[in-house]
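Take a look at the structure set out below.
All of these numbers come straight from a predicted model, not from anything done at the bench. Chain letters run A, B, ... following the sequence lines, proteins first and then strands; every chain starts at 1.
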Protein chains: 2
Amino acid sequence: MNTFGIAKIDQSKLREDVYAAMRDAFTRGEFAPGAVLNLRGLAEQLGTSMTPVREAVRRLVAEGALIDTPSRTLQVPPFDQERMLDLKRARVGMETMVLGIAMENMDAATIDLLETIIQTPPDAEQTGPNLKANHDFHFTLYRKSNSAVMLPLIEALWLQYGAYLNLIIRHENALRVDEHEFHKDMIRALRRNDRDAAKAALKTDIESSFNYLAAEKLDKLTVISGRNPE
Amino acid sequence: MNTFGIAKIDQSKLREDVYAAMRDAFTRGEFAPGAVLNLRGLAEQLGTSMTPVREAVRRLVAEGALIDTPSRTLQVPPFDQERMLDLKRARVGMETMVLGIAMENMDAATIDLLETIIQTPPDAEQTGPNLKANHDFHFTLYRKSNSAVMLPLIEALWLQYGAYLNLIIRHENALRVDEHEFHKDMIRALRRNDRDAAKAALKTDIESSFNYLAAEKLDKLTVISGRNPE
DNA sequence: ATACGATCAAATATCACAGATAACATCAAG
DNA sequence: CTTGATGTTATCTGTGATATTTGATCGTAT
């Protein structure tokens, strides 16, 4: 600690801020699948110029949260049944793998922390499922794997999933119940150090959230979610 | 010849080309772990301006192939035993998973194609292991999974692995023999549609390539690989 | 219906600025 | 006078902004 207790100046890195803002918007499901974005619009909304937006966008493209269209515009990946299944498989595979590693390093303190996370009361005016708490719960768990390589990949999957969240979020109440079940099961499995049970709970959690996107509901939902490209 | 073995680019889709050129350099192990890069130098070597280089670099950072240092410069990730183990685990996990999916869609034509890939004679003047053929072999296999989500993640892992290739590559002959064994075993397992055998062969392949980076050899190798930061 | 041109957005190049680094000069102590 | 430390400056870096170029799309006129 320094002598005068002067905090280091958090010199604003615009590019990071822009990225963080867009990422947040994604994880809150603010972007509708298929929506078309343009750099100038984003720059204006964020009160900055094109350059930082461009770099943030480039990163989002690398992470699969946005795609380049042939006509040089940007698009939120359109809803696509096949892609959704693909994403589900990827999430189940990667997240159960990391969960297995995390459980090698699991300790009582972390389990307690997980419990406090899910007991945090949802914000007063919050109506939907508690997305932030759910994110925290999963990643507090995964961070115990200490995998600097895999955690960013899982973040990228969640980001891609974020666009679909826009659709899932309509099933707020059902989803909230499922989450609660999952959190309870997971804590129990962790306390018993029962890997198979923990992985099974996680698998069920991921799959159930995707189930709200079943094919028969797709048409109705895409209409709700706003504009559809092409 | 310039430092990084990056060929100059002709004017068209610059951003993609810059990215492709740097990516190629990585997968050929041209970048030494710990090496420091700067945008102006890269732009000059590539015969273009900073802007496209910045975007390509931004993408490589997002993929973990480069890292931002606190002092705002760019660096090839330094060698790190822990990170290496992490990367190995990630590769084994993700690639065996995708292999499993690919085998659900496997057909004779693809197996034949794989066989022609490994039978392609190495370029006349080529001395090291046939990196391109090996890459082709793996990804032709993985592409059969039709996973638009997971393939880019695996590409990212290979890119991170690329920096270590710079070190592994010194064991050229041993590596070449291992690769040959692997390709043979894999084809055989695919023909029998034996998933466990195929996964075991893949696991062995990945792990053996990392074994050349065992701790006792580390010191010697980092010296060879060029400059060391800090 | 096709072709041409107007219009708009993205890609690139260039410019201006601020942080970081390192070489250099200056000064003090032995 | 030498040596070590400290303050200064020159230079190099990435970042953000802006001007210019390129390419695509859509409307209109033939």
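Residues Glu55(A) and Met50(A) both approach DNA chain D. Their nearest nucleotides, taken by heavy-atom distance, put Glu55(A) toward the 5′ side. Comparing Thr51(A) and Leu37(A) against DNA chain C, the residue whose closest nucleotide sits nearer the 5' end is Leu37(A).
At the phosphate of dA10(C), OP1 or OP2 sits under 4.0 Å from a side-chain N or O atom of Arg40(A). Contact annotation: Thr73(B) does not reach the phosphate of dA20(C) (side-chain N/O to OP1 or OP2, under 4.0 Å). Close to dT18(D), at under 4.0 Å from its OP1 or OP2, lies no side-chain N or O of Ser49(A). A sub-4.0 Å separation between OP1 or OP2 of dT13(D) and a side-chain N or O of Asn38(B) is present. Close to dG14(D), at under 4.0 Å from its OP1 or OP2, lies no side-chain N or O of Arg54(B).
In this structure, Glu44(B) places its CD atom 14 Å from C1' of dC12(D), rounding to the nearest Å. The CG atom of Asp17(B) sits 9 Å away from the P atom of dT12(C) (whole-angstrom rounding). One interatomic measurement links the two molecules: CG of Leu39(B) to C1' of dG16(D), which rounds to 13 Å at whole-angstrom precision. Distance Leu42(B) CG to dT13(D) C1': 13 Å, rounded to the nearest Å. Atom CZ of Arg15(A) is separated from atom C1' of dG19(C) by 14 Å (rounded to the nearest Å). One can place CZ of Arg58(A) at 11 Å from P of dA10(C), the figure rounded to the nearest angstrom. To the nearest angstrom, P of dG14(D) lies 10 Å from CG of Asp68(B). Atom CG of Leu74(B) and atom P of dA20(C) are 15 Å apart (whole Å).
Side-chain contact check for Arg83(B) versus Tyr164(B): some heavy-atom pair is nearer than 4.5 Å.
Ion pairing of Arg40(A) with Glu44(A) is absent here, as no side-chain N (NZ or NE/NH1/NH2) approaches a carboxylate O to less than 4.0 Å. Remark: Glu63(B) does not engage Arg58(B) in a salt bridge, criterion side-chain N to carboxylate O under 4.0 Å.
Here the two rings, on Phe210(A) and Tyr161(A), have centers that are under 6.0 Å apart.
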